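Quick caveat: nothing in here was measured; it's all calculated off a predicted structure. Sequence positions, counted from 1, serve as the residue numbers for this chain.
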Amino acid sequence: MRRTRPAAAGDAPRRTAKKAASAGTAKKAAAARPVKAARRTGEPPRKRPASGGPRKRPPQNRRPPRQPKVKKPPRTLKLGRPALRLRMTFGVMAFVLSLFAGRLILLQGVDPDSYALAATKENTKPFVLHATRGAILDRNGVPLSVSEDAVAITADPTQTAPVAAQLASLLTSKIPGTTYAKFYADLTLKKRYVLLAHQVSPQTWNQITAEIKKQNASIAEQNKGKPAEAKAPLLVGLFTESDPIRSHPLGSVGASVVGVVGDEGKGLAGLEYGLNDKLSGSDGKAMYEVDTKGNKIPNADHTVEEPKPGVSAQLTLDSDLQWFAEKRIEEAVKQWKAESGTVVVMDVKTGELVAMANYPGYDPNKPLKGQSLKNNALEQVYEPGSVQKVVTMAALADANKISLDTKLEVPGSITVQRRKIKDHFDHGVLKLTIAGVIAKSSNVGTIIASREMPIPQFVKYLHDFGFGEPTGLGFPGESRGVMPPGDEWPELTRSTVAFGQGLAVNAVQMTAAVNAVANGGIYVPPKLVKNYVDSNGNDIANPSGPSRRVVSETAAKEVGTMMESVTADGGTALQAAIPGYRVAGKTGTAQETGEGCEGYCKWATSFAGFAPADNPRFVTYVVLQNPTNGRGGGFQGGPVFRDVMSYALQKYAVPPTGAKQPNVPLTW
């Protein structure tokens, strides 16, 4: 129960008035307060007391008095220290100025040329200056492969696009092999340079330029009196670059040796490929300032790096003899229905290859579609057959295992490690001299003689004669042949190799081996490039490889005498004899493996010989691969040898010695 203080005298009126005033105010506030509170709390509004007296809010529900907002003072710019700002400003300025100074020193002092070049690069155009490719000549200077002037036609499509249709029609009519659509597409490309045609003859280009001038004159006449926007554009935008073409004046003569050059001016086969670095030289280049249309600016600065011409190669081949040998082997291949044929002619003393003929051949001036570009004389290997007996007998004679007085009893067959080996003809026991073994080409007699020599010694002789080794010509694609590995051969291997099977050779290898016998026992490495000729006509020597003695002179002469009996009465190659000359020779017939069959199913027939036999000048070797119309080295290779050797002896004016052929007995 709340206690009240009694009113003091004099206070009543004053308090009554205050109460009355506050009562009026309270009434007004009371009318609105319950509704507001209900809205805040979600409770229904309370009814005012019936008495109508003022209602006091409990202390816990009273809102605290609002605090007056304190105004923040306005922001002011704080000024830093002037000295610090000044130092920072000067530092930044110094750094920027140092960058400019460094760049200036770099441009003008360190590397001014590269920047000057970069500055003009956008306004310059490079032009390739093609080097003149060296020629390939025969031993007498007759050209076998030369470069002739030609051009590559280029275009600036930014100029040709408006007249692409007319130019494409013109080019199509003058340059076969490229369609109108291709020319049109190239002439409208989004670029400044395009190559349209390779190796166009000067005559063709002159015809094109003459037609352009004619059409432009007509267009200019039609444009007279027309406003600029109605004038037809002139034919412009075609240019040329030097692009020499390779020509072979003698056509197919020596083609398999010389080889061919591709569209890019690089050798693809033969000596064109093998000697490409020497023949091609080094291209030069020129940088010209050009206008906005890509045209050279007259009298403007330009730089030129002159091309370095290639050297020419003078071969040892005689183009006349080469032509004759190619024609003769072609006849033989067709006559005996062989797959291919080869003739090699070598100078006995120098080792120079005077002819290296192959058939089938090709004409490099004509399109080559599916034709073989191989030089079979160096790239094809085969078993040499009985021509190998020349080397076997030379080795035996040098080791004093045989002589012209050697007599052998030769049965019809012999068994070696359970394999029966026979001669090419049936016979009983024959009493043959060693010359008779060669003259009759007896496999059995050769095997009997070869057993006198230890196998390692025999293998060494074969290596000395060049078998299993490169010839040294460096011809691309040349095969080194096949020799059984090591020198501990089984008896069967020694026996078969002795008469020409069980090893493989190329034609030049076999020619060089026989040439060693003709040259008195001295092996001379074959030579194909006689010398080089620079752009000033000066000769550059091409040294030959070192010679070596492989057998004694006496042994070589004895084997030469044995070989003479081959072309005499009783021998296997009477067809190889040359009237008036002493001729030494040896036939060969070897079995070969082939595709589509097991074991031996093909043949290689051959004949090798030299003349004059008593003073040899040339060795000639003939090979026919797989003749199907007969088989025999004597009657197939012998006539080709006779004709080619006769041509060579006559051309080089080699007279007969006048000596008579020795009468060497073949039997005893």
Side-chain angles (χ1 to χ4, degrees), residues 134-146 247-259 270-272 274-275 312-332 341-359 361-364 375-378 471-473 475 507-508 510-512 514-515 518-519 524-533 539 541-542 544 578 581 583 607-612 615-623 640-655:
I136 297 179
L137 315 169
D138 85 337
R139 64 185 302 110
N140 300 311
V142 177
L144 300 173
S145 179
V146 295
S247 173
H248 299 258
L250 300 184
S252 62
V253 176
S256 60
V257 179
V258 173
L271 292 177
E272 293 279 21
L275 301 178
S312 297
Q314 186 168 14
L315 307 186
T316 60
L317 299 182
D318 183 311
S319 57
D320 292 337
L321 183 58
Q322 178 76 20
W323 172 83
F324 185 83
E326 288 180 1
K327 294 300 181 184
R328 190 62 186 87
I329 194 63
E330 178 183 357
E331 293 173 1
T342 297
V343 178
V344 179
V345 181
M346 178 181 286
D347 187 295
V348 171
K349 301 299 181 184
T350 65
E352 294 179 349
L353 297 167
V354 189
M356 192 188 299
N358 297 288
Y359 184 83
Y362 60 90
D363 187 346
N375 177 5
N376 286 343
L378 284 163
T471 61
L473 294 176
F475 194 90
V508 174
M510 197 71 243
T511 305
V514 174
N515 190 79
N519 195 32
V524 181
K527 187 173 184 178
L528 182 57
V529 178
K530 188 174 184 179
N531 56 264
Y532 298 99
V533 183
D539 289 345
N542 180 38
S544 302
I578 301 175
Y581 290 88
V583 176
F607 185 91
F610 49 87
N615 186 21
R617 175 63 192 277
F618 296 111
V619 168
T620 299
Y621 183 44
V622 181
V623 185
V640 180
F641 165 88
R642 178 195 62 216
D643 294 344
V644 174
M645 179 65 82
S646 298
Y647 189 98
L649 294 173
Q650 292 175 15
K651 177 168 186 183
Y652 286 87
V654 180

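Annotation: side chain of Val644 is not in contact with side chain of Val622 (no heavy-atom distance under 4.5 Å). The side-chain heavy atoms of Pro364 and Val258, taken from C-beta on, include no pair separated by under 4.5 Å. At a threshold of 4.5 Å between non-hydrogen side-chain atoms, the residues Ile578 and Met645 count as touching.
For Ala518, the side-chain contact (heavy atoms from CB on, under 4.5 Å) criterion is met by Val348, Phe610, Pro616, Val619, not counting sequence neighbours. Residues passing the side-chain contact (heavy atoms from CB on, under 4.5 Å) test with Pro143 are Leu137, Val146, Pro249, sequence neighbours excluded. Annotation: side chain to side chain donor-acceptor pair (under 3.5 Å) contacts of Lys527 (sequence neighbours excluded): Ser544. For Ser145, the side chain to side chain donor-acceptor pair (under 3.5 Å) test picks out Arg246, Glu272, with sequence neighbours left out. Partners of Lys651 under the side chain to side chain donor-acceptor pair (under 3.5 Å) rule, at least two apart in sequence or in another chain, are Asp318, Asp320. Residues passing the side chain to side chain donor-acceptor pair (under 3.5 Å) test with Asn376: none are found, sequence neighbours excluded.
Smallest separation of non-hydrogen atoms from Ser319 and Leu250: CB-CD1, 3.7 Å. Nearest heavy atoms, Met356 versus Val257: O-CG2, 3.6 Å. Here the closest non-hydrogen pair linking Ala332 and Val640 is CB-CG2, 3.6 Å. Taking all atoms of both residues into account, the shortest heavy-atom contact from Asn358 to Ala377 is OD1-N, 3.2 Å. Across every non-hydrogen atom of Asn531 and Ala541, the tightest pair is CB-CA, 4.4 Å. Across all their heavy atoms, Phe475 and Ser256 have their closest contact at CZ-O, 3.9 Å.
The distance from atom CD of Glu352 to atom CG of Leu317, rounded to the nearest 0.5 Å, is 10.0 Å. Annotation: the span from Leu528 atom CG to Leu473 atom CG amounts to 6.0 Å, rounded to 0.5 Å. Atoms CG and OG1, from Asn375 and Thr342 in turn, are 7.5 Å apart once rounded to the nearest 0.5 Å. Atom CG of Asn140 and atom CG of Leu315 lie 11.5 Å apart (nearest 0.5 Å). Note: Met346 CE to Thr511 OG1 = 6.0 Å, rounded to the nearest 0.5 Å. Between the NZ atom of Lys327 and the CG atom of Asp643 there is a distance of 15.0 Å, given to the nearest 0.5 Å.
A donor-acceptor contact shorter than 3.5 Å links the side chain of Tyr362 to the backbone of Ala255. Listed for the Thr620 side chain is no donor-acceptor partner under 3.5 Å among the backbone atoms of Phe641. In this structure a side-chain-to-backbone donor-acceptor pair under 3.5 Å is missing from Gln322 to Ala355. A donor-acceptor pair under 3.5 Å is absent between the side-chain atoms of Asn542 and the main chain of Tyr532, judged by distance alone.
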Test Tyr581 against Leu649 for side-chain contact (heavy atoms from CB on, under 4.5 Å), laying out the working first. CA-CA 10 Å; Tyr581 290 88; Leu649 294 173; 3.9 Å; yes

Under the criterion side-chain contact (heavy atoms from CB on, under 4.5 Å), I'd like the reasoning laid out for Phe618 against Asp347: C-alpha separation, chi angles, the key distance, then a yes or no. CA-CA 5 Å; Phe618 296 111; Asp347 187 295; 4.1 Å; yes

